[in-house]
Amino acid sequence: MAARKRAQTAKATTTATEQEKPKSQDPTTTTTTTTTTTTTSNEPPTAPLKSKTSFILKLSLLLLAPYFYLIFHHYNIDRDLKKSILINAVLSLVGFLVTVKIIPVASRYVLRRNLFGFDINKKGTPGGTLRVPESLGIVVGIVFLVVAILFQYFNLTSDSNWLVEYNAALASICFMTLLGFVDDVLDVPWRVKLLLPSFAALPLLMAYAGHTTIIIPKPLTPYVGLEILDLGWIYKLYMGLLAVFCTNSINIHAGLNGLEVGQTVVIASAILIHNIMQIGASTDPEYKQAHAFSIYLVQPFLATSLALLSFNWYPSSVFVGDTYTYFAGMTMAVVGILGHFSETLLVFFAPQVLNFLLSLPQLSGLVPCPRHRLPRFDPKTGLLTGTNDGTLVNFTLRLLGRKSEKSLCIVLLVFQAIACCLCFVLSNMTSCCKGG
């Protein structure tokens, strides 16, 4: 952000100087033009916009194969419900293609406004001198919202019980996307960032009309004396805190090319699989509809995120900015809340919880916290070395030793996938215990 601000300041100063010069003086005008041309020619080169399409196709096949297997083969899904899911999937595919086309165009516009940054993990190499367009998460947010709104025409009628909550969810996501973009432009302080999701979650909390109960785990039932506990207004407070956590946890587990979008793609794929498993195993129409509601939001979210990942994967052609991390965190919080699986969502977020716990001493001010808690990069070897900063990125490097940025990102995404798989194992064990 500092580099971008310096660029904007320099541009403003140049413009002001040009305006102060009398236009009637030809020599002065000539000098000003020459100076401006020299400044433009001295601008750093821009990172080439390359879409890693083949990588995205392979990743999509790996992550979505179990999901489509469960829909078309394993479970006998209701015909109308399956039709709605497929319509939503087609719209999501269109959203993917549109996002891939718009990102290069949007990149040129943000560069004109000096919204760019330099890759700190490539400092000292040619890649570290390239201007990388920032805040491209705004494209994903806009395309997602358009797809989600258009889907209402095919599925939700005016008397639908879910219409109010569906639009409230979109309002919260839209609000959070806007605040994220404001943060990218204004560089909002951390203490303010923590509060932003609270405001964005208000439309959802006000419109929420679902249950406010939690199921007590069987080992704790004898001590509590209840199997189901109604929390009332405390549950809504919990939902607000969940939105704050999900939004900020994605934002602080970052710093590598592809990590922010990559972790989101893995979690979103796990959410889809979880939803279809719950639909296939349940006979309650209301319960099925809650999880279908989640699918209707997650499919376009995953599709547009994959499009962004095709440009953000190592080496990044674009940076996602806080716009995307806030948008992604709020979207997953919304689907977890309205899909009634917020506890499962927290298990999917296990790496983010661990990263938060590691970061807590620095975030709370007990330990000095630098602006960028990134590992050290060695331009001679191209490897990253972990620092003493409390992040999962640095902890992994201290544990496993020096790694390249790409291999480190892959390790962290594999860990994310393992955490999601562990959640499915625990869910299956719980189901077996209930059956017993």
Side-chain angles (χ1 to χ4, degrees), residues 1-4 7 43-60 63 95-144 177 180-181 184-185 250-251 253-266 268 301-328 372 374 377 379 382 384 393 404-410 412-413:
M1 298 296 288
R4 183 168 74 231
E43 286 185 351
T46 304
L49 280 170
K50 295 181 179 179
S51 176
K52 294 85 174 177
T53 309
S54 60
F55 165 74
I56 294 302
L57 291 176
K58 294 175 184 177
L59 181 65
S60 303
L63 295 176
F96 170 85
L97 298 174
V98 171
T99 306
V100 169
K101 291 293 184 182
I102 292 181
I103 285 178
V105 178
S107 298
R108 293 195 292 270
Y109 279 95
V110 298
L111 284 172
R112 290 177 190 172
R113 305 307 303 168
N114 288 311
L115 286 169
F116 65 85
F118 298 96
D119 199 329
I120 299 177
N121 287 331
K122 297 180 181 64
K123 190 175 181 180
T125 67
T129 62
L130 299 176
R131 297 186 304 163
V132 183
E134 285 198 74
S135 307
L136 269 299
I138 190 69
V139 175
V140 176
I142 292 172
V143 175
F144 164 82
T177 304
F181 189 71
D184 279 334
V185 174
I250 296 291
N251 193 34
H253 186 36
L256 303 176
N257 289 176
L259 181 56
E260 296 98 321
V261 192
Q263 63 184 298
T264 301
V265 165
V266 173
F301 171 62
L302 178 59
T304 51
S305 295
L306 284 169
L308 180 59
L309 184 60
S310 68
F311 291 94
N312 183 242
W313 186 249
Y314 183 92
S316 289
S317 299
V318 301
F319 289 152
V320 300
D322 289 342
T323 307
Y324 178 79
T325 56
Y326 286 170
F327 156 74
H372 298 292
L374 297 175
F377 175 70
L384 297 173
V393 171
S404 66
E405 184 177 1
K406 183 177 181 179
S407 61
L408 176 60
C409 185
I410 292 173
L412 291 171
L413 295 184

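This one's a predicted model, so the numbers in the text were calculated from it and none came from an experiment. Just so it is clear, the values below take in all heavy atoms, side chains as well, and ignore hydrogens, waters and symmetry mates.
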Is the shortest side-chain heavy-atom distance between L413 and L259 below 4.5 Å?
yes

Test side chain to side chain donor-acceptor pair (under 3.5 Å) on D119 and N257 and set out the steps.
CA-CA 9 Å; D119 199 329; N257 289 176; 3.2 Å; yes

Does any non-hydrogen side-chain atom of S107 lie less than 4.5 Å from one of F311?
no

Hey, what do you get for OG1 (T53) to NZ (K58), rounding to the nearest 0.5 Å?
11.5 Å

Can you confirm whether L130 sits close enough to T46 that some side-chain heavy atom of one is under 4.5 Å from a side-chain heavy atom of the other?
no

Partners passing side chain to side chain donor-acceptor pair (under 3.5 Å) against S407 (at least two apart in sequence or in another chain):
S404

How about K406: does its NZ atom have over 12 heavy atoms from other parts shown lying under 6.0 Å from it?
no

Minimum heavy-atom distance F327-T177, with the two atoms named:
CD1-OG1, 3.4 Å

Out of I56, L308, L306, which residue meets the side-chain contact (heavy atoms from CB on, under 4.5 Å) rule with V265?
L306

Between Y326 and F181, is the gap from one ring center to the other below 6.0 Å?
no

What are the two closest non-hydrogen atoms of T304 and F301, and how far apart are they?
OG1-O, 3.1 Å

Over 60° means perpendicular and under 30° means parallel, so classify the ring planes of W313 and F55, tilted if in between.
parallel

Apply side-chain contact (heavy atoms from CB on, under 4.5 Å) to the pair D322 and N251, showing each step before the final yes or no.
CA-CA 7 Å; D322 289 342; N251 193 34; 2.8 Å; yes

Considering non-hydrogen atoms only, spot the tightest contact between C409 and G258 and give its length.
SG-C, 3.9 Å

Take T125 and F377 through the side-chain contact (heavy atoms from CB on, under 4.5 Å) test and state the conclusion after the steps.
CA-CA 10 Å; T125 67; F377 175 70; 3.7 Å; yes

Return the OG1 to CD distance between T325 and Q263, rounded to the nearest 0.5 Å.
9.0 Å

Closest heavy-atom pair, P315 versus K52, reported as atoms and distance to 0.1 Å, is O-NZ, 2.7 Å

Between L384 and L408, is any pair of side-chain heavy atoms under 4.5 Å apart?
yes

At what distance, to the nearest 0.5 angstrom, does OH of Y109 lie from CG of L115?
14.5 Å

So do the side chains of E260 and H253 get within less than 4.5 Å of each other, counting heavy atoms only?
no

Under 3.5 Å, is there a donor-acceptor pair linking the side chains of S305 and Y324?
yes

Which atom names give the shortest non-hydrogen contact between A47 and V132, and what distance separates them?
CB-CG2, 4.1 Å

When you compare the side chain of L136 with that of V320, does any pair of heavy atoms fall below 4.5 Å?
no

Y314 and S316, any side-chain heavy atoms less than 4.5 Å apart:
no

So, does N121 use its side chain to make a donor-acceptor pair with the main chain of G255 at under 3.5 Å?
yes

Sole candidate of I250, L309, V140 that passes side-chain contact (heavy atoms from CB on, under 4.5 Å) when paired with T264:
I250

Apply ring-ring contact (aromatic ring centres under 6.0 Å, His included) to F319 and F116, showing your working.
CA-CA 8 Å; F319 289 152; F116 65 85; over 10 Å; no

Heavy-atom side-chain contact between I103 and P133 under 4.5 Å
no

